[in-house]
Amino acid sequence: MLRLLVASAAVFAGFLAVEVSAQLHSVAKSAGKLYFGTATDNPELTDTAYTAILHNASEFGQITAANSMKWDATEPSRGDFTFQNADVIAQLAKTDGQLLRGHNCVWHEQLPSWVSSGNFNAATLSSILTTHCSTLVGRYKGQTCVYSWDVVNEPFNDDGSFGTDVFLTTLNTSYIPTALNAASSADPNAKLYINDFNIESAGAKSTAMQTLIRSLKASKTPIHGVGLQFHMIVGEVPTQSVLIQNLQAFTALGIEVAITELDVRMTLPATSALLAQQQKDYTTIVGACAAVSGCVGITVWDFTDKFSWVPGAFAGQGEACPWDANLVKKPAYQGIIAGFKG
Ligand code: G3I
């Protein structure tokens, strides 16, 4: 009898252990999503405490290169393609059995000056763009880890007009289908995305993105998804129903959506009240994706405050990630789990 009691207690403890150690990608899969993932960057990969978590495919079933697949990193001068760092990230995904989101083919930032200040005519710039997209995407074609590409990154201003950069000025909006067609020819199996921020709830920019998707679809241009970045501020996250409605406005167009760069920053110093609100904010956002079947996955824009882009970009703000700078899980981590579990 005693033996039976001990055995039952052990089984119960086993269940508890499983429950307590629920991990992000596993919980996302249980909620019917393809992945939960994170951005990562080459300089971070020498930090073994960091990589121990990054390699854990139960936490992260997908990774995105935060910098090493961008134009300045992959074609620093014309025709000079360098994939050393990008290959490291792709290999990491392959070895760990994680999906890869390619990021990105065309963006006005981290664009080398030979492109932005080259004074190329339309035909030449179009050919430069096609070569860049097809060489970059083609490099990883057929590798089982490749799930999607952010082909076009941040094409809009906040008022919904197209951002003025060398591509718009020289090619007008034709640069968008040019890039998508080049990516599609280079890897017909990758899901092709347009990725932007401040399109998380209804407004001029979200509407403009929907108009663009409609016109690309009408012209039979390959487009499969919209990435909503979700760089948010603690306490300023829209309600879950507002987020769901907006996600559904995109999926109604016959495309999928993904949360591609999630973080929720706060004004420092962090307090327990701010961390508790951040936990709720993560739950709200993750729950919105969980509620929309066409929302395929969520990526945090790195998982630890140790390597977050936020303090470098917003003075006095930070603590935006689910792990703190000492690689200890914050309440936000449980907020993500709760969002998937509903
Ligand atoms: O490569 C140089 C290096 O040579 C130099 O020594 C060092 C000194 O500061 O700078 C390095 O460049 C930095 C680069 O990251 C690579 O580490 C830039 O200064 C820095 O501004 C750049 O920041 C990146 C930012 O994009 C650029 O806009 C962030 O790491 C990256 O997380 C961020 O990611 C973007 C997404 O791609 C698109 N959506 C918004 C998101 C956050 O800004």
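Counting starts at 1 for both ligands and their atoms, following the listed order. Throughout, residue positions are numbered sequentially from 1 according to the sequence presented.
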S.K.: To the nearest 0.1 Å, how far is atom 24 (C) of ligand 1 from its closest protein heavy atom, and which atom is that?
M.R.: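 Minimum-distance protein heavy atom for atom 24 (C) of ligand 1 reads N67 OD1, 3.4 Å.
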S.K.: Show the atoms of ligand 1 that are less than 4.0 angstrom away from any heavy atom in H231.
M.R.: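 In order of numbering, the contacting atoms are 40 (C), 41 (C).
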S.K.: Look at D158 together with K205 and state whether they make a salt bridge at an N to O cut-off of under 4.0 Å.
M.R.: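 Yes, this pair counts.
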S.K.: Return a yes/no value: protein heavy atom under 4.0 Å from atom 10 (O) of ligand 1?
M.R.: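 It does not; no protein heavy atom is within 4.0 Å.
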S.K.: If you measure only the distance, is there a donor-acceptor pair under 3.5 Å linking the side chains of T283 and Q279?
M.R.: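 Distance-only check fails for T283 and Q279.
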S.K.: Parallel, tilted or perpendicular: which one describes the rings of Y50 and F303, with boundaries at 30° and 60°?
M.R.: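 Judged by the thresholds at 30° and 60°, the geometry between Y50 and F303 is parallel.
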S.K.: Counting distance only, does the side-chain N/O of T64 pair as donor-acceptor with the main-chain N or O of A39 below 3.5 Å?
M.R.: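 No.
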S.K.: Is H132 close to W71 at the side-chain level, that is, under 4.5 Å between some pair of heavy atoms?
M.R.: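 Sidechains of H132 and W71: in contact.
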S.K.: Please check whether D41 reaches ligand 1 - meaning an N/O of the residue sits under 3.5 Å from an N/O of the ligand, judged on distance alone.
M.R.: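 By distance alone, the answer is no.
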S.K.: Kindly say whether E319 contributes a backbone atom to a donor-acceptor pair with the side chain of Q278 at under 3.5 angstrom?
M.R.: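 Yes, Q278 side chain to E319 backbone: donor-acceptor pair under 3.5 Å.
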S.K.: At under 4.0 Å between heavy atoms, which part of D302 makes contact with ligand 1: side chain, backbone, both or neither?
M.R.: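 Under 4.0 Å from ligand 1, D302 contributes no heavy atoms.
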S.K.: Answer yes or no for atom 13 (C) of ligand 1: protein heavy atom present at a distance under 4.0 Å?
M.R.: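 No, no protein heavy atom sits under 4.0 Å from atom 13 (C) of ligand 1.
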S.K.: Any nitrogen or oxygen of H103, side chain or backbone, less than 3.5 Å from one on ligand 1?
M.R.: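 Checking ligand 1 against H103, an N or O pair does fall under 3.5 Å apart.
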S.K.: Side chains of Y282 and Q334: is there a donor and an acceptor less than 3.5 Å apart?
M.R.: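 Looking only at side-chain atoms, Q334 and Y282 do not form any donor-acceptor pair under 3.5 Å.
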S.K.: Donor-acceptor check, side chain of D302 to backbone of S308, threshold 3.5 angstrom: yes or no?
M.R.: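 A pair under 3.5 Å: no.
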S.K.: Does atom 36 (C) of ligand 1 have a protein non-hydrogen atom under 4.0 Å from it?
M.R.: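 Under 4.0 Å from atom 36 (C) of ligand 1, at least one protein heavy atom found.
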S.K.: Say whether N104, considering both its backbone and side-chain N or O atoms, lies within less than 3.5 Å of an N or O atom on ligand 1.
M.R.: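 Between N104 and ligand 1 (N or O atoms, distance only) the closest approach is not under 3.5 Å.
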S.K.: Considering only non-hydrogen protein atoms, determine which one is nearest to atom 38 (C) of ligand 1 and report residue, atom name and distance to 0.1 Å.
M.R.: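 For atom 38 (C) of ligand 1, the nearest protein heavy atom is E154 OE2, 3.2 Å.
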S.K.: Check whether any protein heavy atom sits under 4.0 Å from atom 2 (C) of ligand 1.
M.R.: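 Flag for atom 2 (C) of ligand 1 set to false, no protein heavy atom closer than 4.0 Å.
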S.K.: W323 and F307: side chain to side chain contact (heavy atoms under 4.5 Å, CB included), yes or no, with the steps?
M.R.: CA-CA 10 Å; W323 272 260; F307 297 127; over 6 Å; no
S.K.: Provide, to 0.1 Å, the distance between atom 26 (O) of ligand 1 and the closest protein heavy atom, together with that atom's residue and name.
M.R.: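 That would be K70 NZ, 3.1 Å.
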S.K.: To the nearest 0.1 Å, how far is atom 34 (O) of ligand 1 from its closest protein heavy atom, and which atom is that?
M.R.: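 Checking every protein heavy atom, the shortest distance to atom 34 (O) of ligand 1 gives W301 NE1, 3.2 Å.
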S.K.: Is there a protein heavy atom less than 4.0 Å away from atom 21 (O) of ligand 1?
M.R.: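 Flag for atom 21 (O) of ligand 1 set to false, no protein heavy atom closer than 4.0 Å.
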S.K.: Students often mix this up, so state it plainly: with edges at 30° and 60°, are the rings of H103 and W107 parallel, tilted or perpendicular?
M.R.: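 Plane angle between 30° and 60°, so tilted.
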S.K.: In terms of residue, atom name and distance, what is the protein heavy atom nearest to atom 27 (C) of ligand 1?
M.R.: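 Atom 27 (C) of ligand 1 sits closest to the protein heavy atom Q110 OE1, 3.1 Å.
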S.K.: In ligand 1, which numbered atoms sit nearer than 4.0 Å to a non-hydrogen atom of Q229?
M.R.: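 The atoms of ligand 1 under 4.0 Å from a heavy atom of Q229 are 39 (N), 40 (C).
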S.K.: Please work out whether any backbone atom (N, CA, C, O) or any side-chain heavy atom from C-beta onward of F197 is under 4.0 Å from ligand 1, and answer side chain, backbone, both or neither.
M.R.: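 The answer is neither; F197 stays 4.0 Å or more away.
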S.K.: Using a 4.0 Å cutoff against the non-hydrogen atoms of N153, which atoms of ligand 1 qualify?
M.R.: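 Within the 4.0 Å cut-off of N153, ligand 1 contributes 38 (C).
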S.K.: Does the protein put a heavy atom less than 4.0 Å from atom 42 (C) of ligand 1?
M.R.: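 So far as the 4.0 Å threshold goes, atom 42 (C) of ligand 1 is in reach of a protein heavy atom.
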S.K.: Could you tell me, atom by atom, which parts of ligand 1 come under 4.0 Å of a heavy atom of W309?
M.R.: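 With W309 as reference, the close atoms of ligand 1 come out as 32 (O), 42 (C), 43 (O).
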S.K.: Check whether any protein heavy atom sits under 4.0 Å from atom 17 (O) of ligand 1.
M.R.: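 So far as the 4.0 Å threshold goes, atom 17 (O) of ligand 1 is in reach of a protein heavy atom.
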S.K.: So that I can confirm a possible disulfide, could you see if the SG-SG distance for C295 and C289 falls below 2.5 Å?
M.R.: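 Their SG atoms fall under 2.5 Å; a disulfide, then.
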S.K.: Is there a donor-acceptor contact under 3.5 Å from the side chain of S215 to the main chain of L212?
M.R.: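 Side chain of S215 to backbone of L212: a pair is present.
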S.K.: Among protein heavy atoms, which lies nearest atom 40 (C) of ligand 1, and at what distance?
M.R.: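 Protein heavy atom at minimum distance: E261 OE1, 3.2 Å.
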S.K.: Let me see the working for E261 and H231 under side-chain hydrogen bond (donor to acceptor under 3.5 Å, both in side chains), right down to the final yes or no.
M.R.: CA-CA 7 Å; E261 304 186 11; H231 293 295; 2.7 Å; yes
S.K.: If we ignore hydrogens and angles and just use 3.5 Å, is the side chain of Q62 paired with the main-chain N or O of T299 as donor and acceptor?
M.R.: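 Between the backbone of T299 and the side chain of Q62 there is no qualifying donor-acceptor contact (under 3.5 Å).
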S.K.: Would one find an N or O of E109, backbone or side chain, under 3.5 Å from an N or O of ligand 1?
M.R.: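 Between E109 and ligand 1 (N or O atoms, distance only) the closest approach is under 3.5 Å.
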S.K.: Any protein heavy atom sitting closer than 4.0 Å to atom 32 (O) of ligand 1?
M.R.: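 Neighbour list for atom 32 (O) of ligand 1 includes protein heavy atoms (cut-off 4.0 Å).
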